[in-house]
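Heads up: the structure comes next, in structure tokens.
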Amino acid sequence: AQSVTQLDSHVSVSEGTPVLLRCNYSSSYSPSLFWYVQHPNKGLQLLLKYTSAATLVKGINGFEAEFKKSETSFHLTKPSAHMSDAAEYFCVVSPYGSGNTGKLIFGQGTTLQVKP
Amino acid sequence: DGGITQSPKYLFRKEGQNVTLSCEQNLNHDAMYWYRQDPGQGLRLIYYSQIVNDFQKGDIAEGYSVSREKKESFPLTVTSAQKNPTAFYLCASSLSSSGRKGEQYFGPGTRLTVT
């Protein structure tokens, strides 16, 4: 069975310091992986996606993530946090294989707090 | 501007009333989805539709109904049978329901409060 685990429910950083949001996945097949961001009372916005091309994926707003198959991880990073990065972040798996219906599997979310 | 619209942004209803949430997309996407989000939780799939005039139950379909009469529209009705309807509802669409890429595009959401 496919699953996604976000290892931290809450992460707090100071403005200008690096951000690391951790995500592990479990999938029987080679999955597509995504990170989405959600600001309060808004919809989800796609930050970046991995679809079996380069393992280091660059996204919007300076975020990037590295797909590590041996560790089944897809951690999200940013070198320098900005106040506007404060939001909820979701790691998401799209399982691939026969019978794939396009359903996504969402992690529980990580709240990123950025302190001035 | 291409995208997904949901209306209204905020909706208030009395217990026992049915209510319909609107979702429209002009992205020419085949697949559409409805999710429910509760505080501190991830998203849970209510219903999804891979093609016009067809839809399937998601993980928490009880107390909800949908229709897909047009490609661009996928309204969700929250019925009086839904035990705890107060939540944030998100609609999404994707180009196709199959294949590797699978990213979904989300609307801005509707916050439903039932008292």
Side-chain angles (χ1 to χ4, degrees), chain A residues 1-10 21 23 25 27 29-53 57 59-60 65 67 74 87-111, chain B residues 3-11 23 25 27 29-51 54-61 87-113:
Chain A
Q2 291 90 0
S3 66
V4 179
T5 302
Q6 292 184 240
L7 299 170
D8 306 291
S9 60
H10 188 99
L21 305 184
C23 173
Y25 71 92
S27 178
Y29 303 96
S30 180
S32 294
L33 293 158
F34 312 91
W35 276 98
Y36 283 86
V37 61
Q38 184 183 31
H39 289 90
N41 293 309
K42 302 287 187 185
L44 276 68
Q45 180 184 19
L46 182 66
L47 272 180
L48 50 80
K49 62 184 180 184
Y50 166 77
T51 55
S52 81
V57 181
I60 61 172
F67 174 71
F74 190 56
E88 187 85 8
Y89 291 80
F90 292 97
C91 182
V92 181
V93 170
S94 176
Y96 179 75
S98 62
N100 177 28
T101 58
K103 292 170 66 174
L104 297 181
I105 300 171
F106 287 81
Q108 289 299 100
T110 298
T111 301
Chain B
I4 302 176
T5 57
Q6 292 185 244
S7 61
K9 188 170 178 63
Y10 298 96
L11 191 54
C23 178
Q25 55 99 0
L27 300 168
H29 284 174
D30 291 314
M32 297 186 74
Y33 309 82
W34 273 106
Y35 295 91
R36 171 185 172 131
Q37 186 176 31
D38 294 285
Q41 297 190 32
L43 276 67
R44 293 184 289 171
L45 183 65
I46 304 172
Y47 267 98
Y48 62 104
S49 169
Q50 298 171 297
I51 196 169
D54 187 42
F55 48 82
Q56 287 79 39
K57 292 182 179 180
D59 302 317
I60 56 165
F88 190 51
Y89 290 87
L90 288 159
C91 179
S93 70
S94 65
L95 187 61
S96 170
S97 62
S98 61
R100 289 196 80 94
K101 295 191 176 178
E103 69 260 35
Q104 294 178 12
Y105 297 84
F106 285 81
T110 291
R111 185 165 296 282
L112 173 65
T113 302

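Letters go in sequence order (proteins before strands), and every chain restarts at 1. Predicted model only: the values in this text are computed from it and were never measured.
Only the side chain of A:Gln38 comes within contact range of chain B, with heavy atoms under 4.5 Å apart. Both the backbone and the side chain of A:Leu44 come within contact range of chain B, each with at least one heavy atom under 4.5 Å from a heavy atom of that chain.
Contact annotation: the side chain of B:Gln37 never approaches that of A:Phe106 to less than 4.5 Å [non-hydrogen atoms, C-beta and beyond]. Using a 4.5 Å cut-off on side-chain heavy atoms (C-beta onward), A:Leu104 and B:Leu43 make no contact.
The shortest heavy-atom contact between A:Lys42 and B:Leu90 is O-CD2, 4.4 Å.
Here OH of A:Tyr36 is found 5.0 Å from CZ of B:Phe106. Values are rounded to the nearest 0.5 Å. Between the OG atom in A:Ser94 and the CD atom in B:Gln104 there is a gap of 8.0 Å [rounded to 0.5 Å].
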